[in-house]
Each structure stands twice: as structure tokens, then as C-alpha cells.
Amino acid sequence: MLDSERIRRDPSGTAQRLRDRGFDGDLAPIVELLATRRALQSEISRLRHALKLRNREVGALYRAGRREEAERLRAELKRSPDEVSDRERRMKAAAAELEQRLLHLPNLAHDSVPVGPDEAANVEIRRVGEPPQFAFEPKPHQELAAALGMLDVERAVKLSGSRFAVLPGAGARLERALARFMLDVQTRRHGYEEVWLPLLVSGAALTGTGQLPKFADDVFRVEGRDLYLIPTAEVPLTNLHAGETLLRSELPKRYVAFTPCFRAEAGSYGKDTQGLIRQHQFDKVELVKITEAERSYEELESMTRDAERILQLLELPYRVVLLSSGDMGQAAAKTYDLEVWLPSQGTYREISSCSNCEEYQARRARIRYREAPGRRSRFAHTLNGSGLAVGRTWLAVLENYQQADGSVRVPEALRPYLDGLDAFRLPAAQG
RNA sequence: GGAGGGAUGGCCGAGCGGUUGAAGGCGGUGGUCUUGAAAACCACUGACCCGACAGGGUCCGGGGGUUCGAAUCCCCCUCCCUCCGCCA
């Protein structure tokens, strides 16, 4: 949520920067609602004050034993018209509509973000690692995995329909190995605190991080209840401190969680229908930081490097992309995507997204901090990043480490997590 | 699922419907005393909003109601606790 004070002070400048974010709405109603709320608020405040004094007088008269005067004043007050509640109703209505409108506005982009309508305006920051050269036609991961007995699409369809997967045997082991490896790196080497979380969260939590109210179609809701399957652990992690005022000395908070993520993928029909790129359910190791305002951009750089570390250790070629104003998620002020090389597609595909949301989520979730007890509180800055999407890492390993005979080498860094296994081999080739 | 009991400031805990934004304690901050510390004593110490300041308003889990006036009375909701049932 944006600072309404900012909108009031500079409506046209804010509107321009919102247009950079792809927001085509009009700020005029918001500006008007702000003025209405403000005027009614001060009027109510004034009326209340006057009323309060007279009500107290009744009590004082009773206590002084001046019953008759007290009764007279009481009767008078009873007869006097209610000037407050009507204004209060109008004020509440204005405030509620204002709130709804504000909740739909995206964050403003940071100055360093390229302005543009879509991914065409993104800027590549760096490339790390060389795409592997194959003396044969590299296969897509779903073919490799099916042959290796690591993926069973038919049975997944039988259980749940499209965009779900069953990973038998070695497939499941690889998924678990990757998750443990990522968690170990982020907790031991980068100092994140691991947290185990609910996978179902309230609407309030989703509103706090920005998925609601605008993107209700993207999340699965439990029938008849105010509970939703998390689309990312960013939601419970960031909301851990919702409504709290932290002390500056305890910042930054650095959290990591390994969870399944659930996405309805409404509107993505026909996109990435083959393979495991786009699923309704996937595993992810998520990083979240809560920082003081002055440090958040340093923390974004280090968080991005923390995510990159996984790709480096797995020796997967990737690039870092700075998203343009039009390509970012609604809560982000600045986002770096990490894209891993996929040989079968001959291109880089998103495997992580690291964002600084500045105050946007902190305002919605009311996450504050203060310098010291007694000092004024400020909104914290929140950051989130994948470290990494496990499912996409799984398939990137298969594709990049595939051999001519259909086997897949295991990256060195992962072998300790697979009892020293050096390759996934075809059943026929085994023994 | 059934039966009870709760929700008050950073924490514990009072609170006849009328100077109660809220006693008391703990904690915290400052001071006196002390070579220093502890102890003791004194003072200060909730949040949010509007305002340059003075000041004003709101907040006792959330929402509604009764009343001239609600932390205090009534209704609904949420959450927590205890016991029973069920259960990994």
C-alpha cells in the first residue's frame, strides 16, 4: 500500500509513476476520498470534544449533589440532535472505499528500475557460467525423467489432473536432496533462520503481502473458510511480524522456509504445458528479510547473491535480470530475476525472483520498527526471494547434466545429499 | 463435536455506568546516595491519528446495541485456556 500522504501531496507525480507500473486507473477519486475523510474526521473530532465536556458535567453535577441541574442537563442532551453519528457513518464509508482503492494500487518503482511496459524493457545485469555444449540433441527434462523412472505424469493426472506431478524413487530423492542442500546453504553459510510454517493462511495474511484483494484468482481457497493455500512461503514468513513493532537492534530479520507452493495458474492455459515448469504445486525454498529502511537495497543485493550461490554451487549457468517497471509484481519496488539455462529450450528461464518491497507490504501488514523504546516507530522494509524454486532446479539439473546415453550426472555439491550417487542411470543400463 | 472459563498498557494484574487513558506491582529511563556497584529513595515511563506549536481525537480482542455518558450492561464474532469425545 502506498503512503496516502504522498498521494495527497503529489497526486500527478504519483499518478505518472503508477502509470510506469502499468496502472491505468485514475487517482482523482482517491484524492477526493482523502479530502472527504480528513474533513469529516476533524469535524467529528470537534463535535465529540464539545459533547464530551457536557457529558462530564452531568457526572460532576450529580457528584456535587446538584440533582436538579444534572437532570435538566441530561434531558437537554437527550433532546439535542445527534450530529456525530451521521458524519461518522459517512466517514467510515469514505475510509472503507479509500482502503479498497488503495489496496489495488501497485508499489512505485525504485529510481534504478528501467521504465517500460513489459519484459522487453528488462535489463540483463550479468551472466554466470557457460551453457553446456552437447554433441547430441539435448532432451527436455520430462523425457529424460520419464525414461529414468523419476517422473510419472500419467498417474499424476489420474490423481489430480493436469499441472501436477508424481516423482517416484530417484525423482523424489532428488527433490529432497535439493531442498536439504538449499536449506543448509542458506542457514549455515548465509545466516538465515529456518522456520516451519502453516501452508494454509488467512485472507488477512494474503492482504498483508499483496496477493489479495487483486489476485484472488491466482490462489486456491478452502471451500467455505477464510483459508488459502499459500502461493509462496513469502506470505507466512513476511506476516510473521504483522502488527508488530520491532526494535531496530533486532533487524534485519532473515528467514528461510522450505514449503510447497500452490498456484491456480488461472489465465496461463497453453503456457508451459509440457514438463514441470508450471505446476499447481511445487516446492520452494524462500528467503525473507525484514530490514530498516536505510539498508534495504544493500540487503536486496546480498539476498540476490545468496540465491545465486545455489546455482553457482550446482554449477548451473544462469543470468541475472533487472525487471522493468511494467514486469514487476505489484508489491515490488525493485526485482532481480535469476534465470537458469535450459538446454531443451535454448533459453534462460526464471528460477528465482528477489524483490525489495520497501514499505508496501509493511504498511498493509503493519510491520514497524523503532530506534529505541519510546522513539517514534517507522514502517520496516520487507524483501523476499526464492532461494530457489526446487522444482525448476530439479529440471534444470536434469537438462544441464544429461549425457548422450540418457543418464544424468549428479552435480558434485549434491552428491553428499544422495549418499554419494554420481549419476541417475537408465534402468536397462543398471547392474 | 459437547461443557465451562477467559481476553485490560512491554509483562503481571485491579477496575460501584460519570475527571479512568485506566489502581498496584514488575520491567524500563533519569536522578539522589556511593570510590564503584547493589540496595534504598524520588521522578518519569502505552499506542495510533490530526496539528508548526498549543492542543484535540481514537484505542481496554473485533463488530453492533442500550445510555446524556460504556473498560464496566446486552447481543454477535474471533482467539486462548480447562475438562470430555475423536484423532496423527
Side-chain angles (χ1 to χ4, degrees), chain A residues 1-9 30-100 102-103 196-208 212 221-228 236 239-251 253 260 359 362-380:
Chain A
M1 192 151 62
L2 299 182
D3 182 4
S4 58
E5 195 51 27
R6 188 212 156 82
I7 298 173
R8 196 170 67 93
R9 273 201 318 269
I30 290 178
V31 173
E32 199 182 314
L33 284 164
L34 280 168
T36 304
R37 186 181 63 169
R38 199 184 174 78
L40 286 168
Q41 234 159 16
S42 73
E43 203 181 346
I44 289 165
S45 173
R46 200 164 36 74
L47 290 168
R48 273 236 185 86
H49 179 57
L51 205 58
K52 204 169 172 176
L53 294 180
R54 307 199 73 193
N55 285 334
R56 276 195 189 153
E57 211 178 312
V58 178
L61 288 170
Y62 273 121
R63 251 174 290 114
R66 294 151 72 179
R67 281 198 76 87
E68 263 182 46
E69 287 173 74
E71 293 294 345
R72 195 152 4 98
L73 183 54
R74 236 186 91 172
E76 188 186 320
L77 284 169
K78 186 172 187 153
R79 268 183 279 106
S80 65
D82 184 357
E83 300 178 286
V84 178
S85 51
D86 155 70
R87 287 167 179 77
E88 213 164 31
R89 233 187 333 272
R90 276 156 52 203
M91 202 270 282
K92 277 187 180 171
E97 197 191 334
L98 180 64
E99 170 93 355
Q100 277 314 302
L102 286 174
L103 284 174
W196 185 90
L197 298 160
L199 304 179
L200 289 166
V201 297
S202 66
L206 283 161
T207 304
L212 290 183
R221 179 172 187 174
V222 177
E223 179 82 45
R225 303 204 46 172
D226 179 37
L227 283 174
Y228 303 79
N239 280 290
L240 279 177
H241 294 291
E244 296 180 17
T245 303
L246 303 163
L247 239 43
R248 182 173 187 156
S249 55
E250 51 187 331
L251 301 179
K253 296 278 188 190
E359 288 186 0
R363 268 182 199 286
R364 292 170 162 249
R366 295 175 312 283
I367 305 168
R368 294 177 241 258
Y369 71 98
R370 71 174 93 244
E371 206 66 38
R375 303 276 299 168
R376 196 170 175 71
S377 66
R378 304 173 59 184
F379 286 111

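In what follows, every chain begins at residue 1, and chains take the letters A, B, ... in the order their sequences are listed.
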Visitor: Watson-Crick or G-U wobble partner for B/G9, using a 3.5 Å limit on both distances?
Guide: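 Base-paired to nothing in any strand shown.
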Visitor: Hey, does the side chain of A/Arg248 reach the backbone of A/Tyr369 with a donor-acceptor pair shorter than 3.5 angstrom?
Guide: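 No, the answer is negative, given that no donor and acceptor are paired below the 3.5 Å cut-off.
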Visitor: What interatomic distance, in whole Å, is found between P of B/C11 and the corresponding atom of B/G17?
Guide: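 Per the computed distance, 27 Å lies between those P atoms.
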Visitor: Specify the residue among A/Ala60 and A/Phe379 whose closest nucleotide of RNA chain B lies further upstream toward the 5′ end.
Guide: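 Going by which nucleotide is closer to the 5' end, it is A/Ala60.
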Visitor: Rounded to whole angstroms, how far apart are CE on A/Met91 and P on B/G57?
Guide: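 The distance from CE of A/Met91 to P of B/G57 comes to 14 Å, rounded to the nearest Å.
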Visitor: What's the gap between B/G15 and B/C76 when it is taken at their P atoms, as a whole Å value?
Guide: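 Each nucleotide's P atom is 25 Å from the other's.
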Visitor: For the pair A/Arg221 (side chain) and A/Arg225 (backbone), establish whether a donor and an acceptor sit closer than 3.5 Å, ignoring hydrogens and angles.
Guide: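 Checked: pair present.
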Visitor: In whole angstroms, how far is the P atom of B/C49 from the CZ atom of A/Arg48?
Guide: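 Rounding to the nearest Å, CZ of A/Arg48 and P of B/C49 are 17 Å apart.
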Visitor: Nearest heavy-atom pair of A/Gly208 and A/Asn239: which atoms, and what distance?
Guide: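 That closest heavy-atom pairing would be CA-OD1, 4.0 Å.
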Visitor: Using the P atom on both, measure B/C74 against B/A7 and round to a whole Å.
Guide: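 Comparing P positions in B/C74 and B/A7 gives a spacing of 14 Å.
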Visitor: Which base, if any, makes a Watson-Crick or G-U wobble pair with B/C59, both distances under 3.5 Å?
Guide: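 Partner of B/C59: B/G46.
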Visitor: Under 4.0 Å between any heavy atoms, over every strand shown, what does A/Arg63 touch: base, sugar-phosphate, or nothing? Just pick one.
Guide: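 Sugar-phosphate: the residue A/Arg63, judged by heavy atoms under 4.0 Å, touches backbone atoms but no base.
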Visitor: Would you say A/Gln100 has more than 12 foreign heavy atoms packed within less than 6.0 Å of its CD?
Guide: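 Buried by this count: over 12 neighbours within 6.0 Å.
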Visitor: In Å and rounded to the nearest 0.5 Å, what is the CE to CZ distance from A/Met1 to A/Phe379?
Guide: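 If I round to the nearest 0.5 Å, the distance is 7.5 Å.
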Visitor: Can you tell me the distance, in whole Å, between the CD atom of A/Glu5 and the C1' atom of B/G51?
Guide: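 Spelled out: CD on A/Glu5 to C1' on B/G51 is 12 Å.
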Visitor: Quantified in whole Å, what is the P atom distance between nucleotide B/A23 and nucleotide B/A43?
Guide: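 Comparing P positions in B/A23 and B/A43 gives a spacing of 15 Å.
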Visitor: Check this for me: A/Glu68, atom CD, are more than 12 non-hydrogen atoms of other residues, nucleotides or ligands nearer than 6.0 Å?
Guide: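 At most 12 heavy atoms, drawn from other residues, nucleotides or ligands, come within 6.0 Å of this atom.
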Visitor: Any side-chain N or O of A/His49 under 4.0 Å from OP1/OP2 of B/G56?
Guide: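 Checking A/His49 against B/G56: no side-chain N or O falls below 4.0 Å of OP1 or OP2.
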Visitor: Please list, pair by pair, any protein nitrogen or oxygen found under 3.5 Å from a nitrogen or oxygen in nucleotides 66-69 of chain B.
Guide:
residue: B/C68; atom: OP1; partner: A/Lys78; partner atom: NZ; Å: 2.9
residue: B/C68; atom: O2'; partner: A/Asn55; partner atom: OD1; Å: 2.5

Visitor: Please state the C1' separation for the pair B/G10 and B/A47 - nearest whole angstrom.
Guide: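 Taking atom C1' in both B/G10 and B/A47, they lie 12 Å apart.
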Visitor: Suppose we define a pair by two distances each less than 3.5 Å, Watson-Crick or G-U wobble; what does B/C83 pair with here?
Guide: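 For B/C83, the partner nucleotide comes out as B/G2, under the 3.5 Å rule.
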Visitor: Measuring from atom CG of A/Leu247 to atom CZ of A/Arg370, what distance do you get when rounded to the nearest 0.5 angstrom?
Guide: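 With rounding to 0.5 Å, CG (A/Leu247) is 8.0 Å from CZ (A/Arg370).
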Visitor: If you compare all heavy atoms of A/Arg364 against all heavy atoms of A/Thr207, which two are closest, and at what distance to 0.1 Å?
Guide: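 So the two residues come closest at NH1-O, 2.8 Å.
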Visitor: Contact class for A/Ser80 (heavy atom, under 4.0 Å): base, sugar-phosphate, or nothing?
Guide: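 Since no nucleic acid heavy atom lies under 4.0 Å of A/Ser80, the category is nothing.
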Visitor: Distance check: side-chain N/O of A/Lys52 vs OP1/OP2 of B/G18, anything under 4.0 Å?
Guide: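 No, because none of the side-chain N or O atoms of A/Lys52 sits under 4.0 Å from OP1 or OP2 of B/G18.
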Visitor: Within this structure, what is the CD-to-C1' distance between A/Gln41 and B/C50, rounded to whole angstrom?
Guide: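 The answer, rounded to whole Å, is 7 Å.
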Visitor: When the C1' atoms of B/C48 and B/C33 are compared, how many Å lie between them, rounded to an integer?
Guide: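 Approximately 40 Å lies between the C1' atom of B/C33 and that of B/C48.
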Visitor: Please name the pair of heavy atoms, one in A/Ser377 and one in A/Thr245, separated by the smallest distance, quoted to 0.1 Å.
Guide: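 Closest approach of A/Ser377 to A/Thr245, heavy atoms only: CB-CG2, 4.0 Å.
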Visitor: Pairing check on B/U67: which nucleotide meets the Watson-Crick or G-U wobble criteria with it, both distances under 3.5 Å?
Guide: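 Pairing partner: none.
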Visitor: Please tabulate the protein-to-nucleotide N/O contacts below 3.5 Å involving nucleotides 72-81 of chain B, giving atom names and distances.
Guide:
none

Visitor: Starting from C1' on B/C50, measure out to CD on A/Glu43 and report it in whole angstrom.
Guide: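 Those two atoms, CD and C1', are 14 Å apart.
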Visitor: For A/Arg38 and B/G57, what is the distance between atoms CZ and P respectively, to the nearest whole Å?
Guide: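 Whole-Å distance recorded here is 18 Å.
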Visitor: Can you work out whether A/Arg8 or A/Ile44 has the more 5'-proximal nearest nucleotide on RNA chain B?
Guide: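 Counting from the 5' end, the first nearest nucleotide belongs to A/Arg8.
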Visitor: Quantified in whole Å, what is the P atom distance between nucleotide B/A38 and nucleotide B/U29?
Guide: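 Rounded to whole Å, the distance is 11 Å.
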Visitor: Atom CD of A/Glu71 to atom C1' of B/G18: distance rounded to whole Å?
Guide: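 Between C1' of B/G18 and CD of A/Glu71: 13 Å.
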Visitor: Both distances under 3.5 Å, Watson-Crick or G-U wobble: report the partner of B/A38, or none.
Guide: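 Partner of B/A38: none.
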Visitor: Which distance, rounded to the nearest 0.5 Å, do you find between the CG of A/Leu73 and the NZ of A/Lys78?
Guide: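 Here the interatomic distance stands at 13.5 Å.
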Visitor: Work out how far the C1' atom of B/G13 is from that of B/G4, and round it to whole angstrom.
Guide: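 Each nucleotide's C1' atom is 23 Å from the other's.
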Visitor: Return yes if some donor-acceptor pair links the side-chain N/O of A/Thr36 with the main-chain N/O of A/Glu32 below 3.5 Å, else return no.
Guide: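 Present.
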Visitor: Could you identify the nucleotide paired to B/U72, looking across every strand shown and requiring Watson-Crick or G-U wobble geometry with both distances under 3.5 Å?
Guide: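 Pair assignment: B/U72 / none.
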Visitor: Measure CZ/A/Arg366 against C1'/B/C49 and give the value in whole Å, please.
Guide: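 Answer to the nearest Å: 15 Å.
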Visitor: Check A/Arg72 with A/Glu69, please: is the shortest side-chain N to carboxylate O separation under 4.0 Å?
Guide: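 No, this pair does not count.
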